[in-house]
2 protein chains.
Amino acid sequence: MKRDSRLSSVLHALLHMAEHDRPMTSEALAQCMNTNPVVVRRTMGLLREAGIVASARGHAGGWSITADLSTVTLRQLHEVLGEPAVFAIGNHSEVPECLVEQSVNAALDGAFAKAEALLLEHFAQVRIGDIAADFARRHQSIRTPQA
Amino acid sequence: MKRDSRLSSVLHALLHMAEHDRPMTSEALAQCMNTNPVVVRRTMGLLREAGIVASARGHAGGWSITADLSTVTLRQLHEVLGEPAVFAIGNHSEVPECLVEQSVNAALDGAFAKAEALLLEHFAQVRIGDIAADFARRHQSIRTPQA
DNA sequence: TTTCATGTAACTTTTGATATTACGAATATG
DNA sequence: CATATTCGTAATATCAAAAGTTACATGAAA
């Protein structure tokens, strides 16, 4: 299975945008992120629907942030992306007739559900603004490496 | 992405085998599990290397359980399968040069690591014998449905 | 009106899991 | 010992999901 890296991608994009005064084009974001402008538009389009960013066409167009990043959480972004499947491990059949398989699924489902709940709780507590601040700290430590 | 269902599969196989006195052939297991005999051999081969099952060729050959299932945990099986990736969501690049992406990865990695740790802890506490017992209970409730 | 930039459908590529084919090796049975 | 059975395994094919690409329409600014 190929892993879904859109959450990572949109975070990356948002942080770059937060550093810019003016809108960034899909082209520019794609270069930052080592991907394709169309992929950027597709993914950022979901954030636009959620009111987190806005897009403008034509000259001086591009993507800009509309929400307050200190109020947007990882969990919201995950939801905006359509709540993609979290696990790469799963049952062979989700609706088995076989009684044995039903017991197997029951044993696994509980464990996965708890882990997913923990992950989403954690996501709910991480605000994008916090990540931006973390970036600022790292950036600072490079500009002034002597402590 | 297709999900890795081998953990589910080997559990299914072990429980069926536990119900049998004699060895079960790859063919028979494959039918139970709605898959292919070669896939069964490949996966069960890993359990054999770990000493959980044994295989015999020729007449009356097949797969049989050698370990005490009440001492084998889900976590062990996960290890035996090579500790496959747990998450279907991940970073765009694991070793980014971009400082922004480093902050993004840091934010996500922590959350995923905690969720994985919880999952594996849970796995460590589930013994295959317990699942077999759960199955026996369900099986019983069908044989004697009037409570 | 030309250029820039998004919007989006359609298609291709890539990747990882699973399935299949084919054949070799070992073992029990008559 | 000949044969049927069953695993062992390499090589290949199929499948599904994510990501990338192409192509072109739409809209906005200079």
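First the proteins, then the strands, lettered A, B, ... as listed; each starts at 1. Side chains included, hydrogens not; waters and symmetry mates left out as well; all remaining heavy atoms used.
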Under-3.5 Å donor-acceptor pair between A:H59 side chain and C:dT3 base: yes
For atom CZ of A:R41 and atom C1' of D:dT22, their distance in whole Å: 12 Å
Distance, rounded to the nearest Å, where A:R48 contributes CZ and C:dA5 contributes C1': 12 Å
Exercise: do B:Q102 and B:N105 side chains pair donor with acceptor under 3.5 Å: no
Distance, rounded to the nearest Å, where B:L7 contributes CG and C:dT18 contributes C1': 16 Å
Whole-Å gap separating C1' (D:dC15) and CG (B:D4): 15 Å
Between P of C:dA26 and CZ of B:R57, the distance in whole Å: 6 Å
So which protein nitrogen or oxygen atoms get under 3.5 Å of nucleotides 19-21 of chain C's nitrogens or oxygens?
from   : atom 1 : to    : atom 2 : distance (Å)
C:dA19 : OP2    : B:T35 : OG1    : 2.5
C:dA19 : N7     : B:R42 : NH2    : 2.9
C:dT20 : OP2    : B:N36 : ND2    : 2.9
C:dT20 : O4     : B:R42 : NH1    : 3.3

Whole angstrom value for the distance that separates P of D:dA19 from CG of A:L46: 12 Å
Sidechain N-carboxylate O distance under 4.0 Å for B:E27, B:R41: no
Side-chain N or O of A:S5 closer than 4.0 Å to phosphate OP1/OP2 of D:dA19: yes
Closest-nucleotide 5' rank along DNA chain C - winner of B:A85 and B:G58: B:A85
Value in whole Å for how far the P atom of C:dT3 lies from CD of A:E27: 18 Å
Minimum side-chain heavy-atom gap B:H12-A:P96 below 4.5 Å: no
Atom-pair distance (CZ on A:R6; P on D:dG20), nearest Å: 12 Å
Salt bridge flag under 4.0 Å for residues A:E83 and A:R75: no
ILVMFWY network linking A:V39 to A:M17, side-chain heavy atoms under 4.5 angstrom: no
ILVMFWY network linking B:F123 to B:L81, side-chain heavy atoms under 4.5 angstrom: yes
side-chain N/O B:S55 vs D:dG8 OP1/OP2, d < 4.0 Å: yes
Residue pair A:S26 / A:M44, side-chain heavy-atom distance below 4.5 Å: no
Distance below 4.0 Å between B:T25 side-chain N/O and D:dT6 OP1 or OP2: no
